[in-house]
Amino acid sequence: MEKQKFDYFIKTEKNNWEVIIGLEVHAQVISESKLFSGSSTKFGAKPNTQVSLVDSAFPGMLPVINQYCIEQAVKTGLGLNAKINLLSIFDRKNYFYADLPAGYQISQYKNPIVGEGSLTLDMPYGSKKVGIERLHLEQDAGKSIHDLSPDNTFVDLNRSGVALMEIVSKPDLRSPDEVNAYVKKLRSIMRYLKTCDGNMQEGSLRADVNVSVRKKGDKSFGTRCEIKNVNSIKFMEMAIDSEAKRQVELLESGKKIDQETRLFDTKKNETRSMRSKEEAHDYRYFPDPDLLPLKIEQNFIDNLKKKLPELPDEKKDRFIKKFKLTSYEANLLVSEVNISKYFEEVIKNSDIKLAKNWITGDLFAVLNEKNLDIKDSPVTPKNLSSLINAISSGEISGKIAKKVFEIMVETGDEPNKIIKEKKLKQQSDPKELEKIVSKVLKDNSDKVLQYKSGKEKLYGFFVGEAMKLSGGKANPKLLNDILKEKLRK
Ligand code: ADP
Ligand code: MG
């Protein structure tokens, strides 16, 4: 495929503006229990049923670190090729809010558990490395519910104390498309590692999006605005586009950008100010006196490293080499760990080329339409593999296979059962096919004459008629051979 050129600039009469973006992603850690307490993290429970005395900040309660959450953060750091810090510190980030009973959030500030790393994006204009600044662990807050009553706010503390990883990128992103690719890649890596389920609808993955603009060619960055808590990739893309345009308009009319925190209004497709730098919180960070500095042994890291699964980039390389896939195809198949598992399951017993076409074509279309994850596919890997084998062996044609596939999607049935019951087996008996061809030529003797006097375009018509007469089941190659033979006479 030909490489495209990067071309995302805000273009005005006066200038081309480059957009600079950095993301702070909040990813909920997959763990049975919370970061500093034993309560469950399960999503969707009745309000306030998963709240320990630590999570509700009763006086005298002490946090106890959950070692599994540390492992999860370290694994994620390793997946991002990042430096793991052997010493990190938990700080108190102080602020008042109804859903934060302690009056502070335990987070990491100057000494995070994971330092600099990177991940690679595959863009239409080539691969692009994006820097990771840091990853730190912190507690989530509870949830204030404002829409259950006109004059009361309710507080649900189930989420209070759940472990989050805040993953901060360098300001290396340059367009909504790159942000889309970045979030997807990060999510993919965490899903491979089983450290975050990446479910944006349930809020397991959300981001603060920092945006600034500068004239194309300028060396230094402009003043940034931070758009808080955006919870879908689509909204991130929209928010960036509208925020960048707002900034360009201000700058071109001679005004300045105030560094501020903004909210994205998804209905109006615009960002609006939440608080300016002057009103910015002073969180008065200080090391939490209830928690010792966190020390990790190199040994602990090495053991986790040994147990890491194959990650998307490595899997992609292997797929390209071993299965002769293009980079584009390999990307499609490794983007989600469940897709790659499905593919590898199918090709255990069937043709790779057919498998890749069926999965990325017909199967993806169905899953998309039905909004299903591949692990819930009505067509199991085993059944798709049988269907492919029925095509490879010539038992059914590619065209009939589409029909069988449709029935498989509806019923979840085994293809061989469908082929048998619906009598869809390919007609490969030369005698039967000869009969069909003879009938077509006889019924259309006028067209046969035209054909023989030079109107060769009619060939397709004969094929079509014969196919129709066979109920679409004629073996195409055999049918063509017989037809050519007969027309020559
Ligand atoms: P803060 O706590 O003030 O939000 P962080 O260091 O946690 O600071 O995050 C800053 C984020 O803003 C990072 O993702 C960084 O890449 C991004 N960023 C920094 N400078 C700019 C800029 N000029 N334009 C866009 N993004 C920026
Ligand atoms: Mg921030």
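FYI, the numbering just counts along the sequence from 1. Counting starts at 1 for both ligands and their atoms, in listed order. As the structure is a prediction and not an experimental result, all values here were calculated from the model.
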### Message
Distance under 4.0 Å to a non-hydrogen atom of Val168: what atoms of ligand 1 satisfy this?
### Response
9 (O), 13 (C), 14 (O)
### Query
Which of the atoms of ligand 1 are close to Lys170, meaning less than 4.0 Å from one of its heavy atoms?
16 (O)
### Query
Is ligand 1 under 4.0 Å from a heavy atom in the side chain of Glu133, in the backbone, in both, or in neither?
neither
### Task
Validate the cation-pi geometry between Lys216 and Phe9: distance from NZ or CZ to the six-membered ring centre under 6.0 Å, angle to the ring axis within 45°.
yes
### Query
Taking all atoms of both residues into account, what is the closest heavy-atom pair of Met200 and Ser232, and its distance?
CE-CA, 3.9 Å
### Task
Tell me yes or no: between the side chains of Gln72 and Ser31, is some donor less than 3.5 Å from an acceptor?
no
#### Entry: Backbone or side-chain N or O of Gly222 under 3.5 Å from ligand 1 N or O
yes
### Task
Below 4.0 angstrom from a heavy atom of Ser212, which ligand 1 atoms are there? Numbered from 1 as shown, please.
22 (C), 23 (N), 24 (N), 25 (C)
### Query
What are the atoms of ligand 1, with element, lying closer than 4.0 Å to any heavy atom of Phe221?
23 (N)
### Query
Can we call the ring centroids of Tyr283 and Tyr109 under 6.0 Å apart?
no
### Task
Please confirm whether the backbone N or O of Asp197 pairs with a side-chain atom of Arg191, one donor and one acceptor, at under 3.5 Å?
yes
### Task
For ligand 1, find out whether one of its N or O atoms is nearer than 3.5 Å to an N or O atom of Pro171.
yes
### Task
Answer with yes or no whether the side chains of Asp99 and Ser144 bring together a donor and an acceptor at under 3.5 Å.
yes
### Query
What atoms of ligand 1 come closer than 4.0 angstrom to any heavy atom of Leu23?
14 (O)
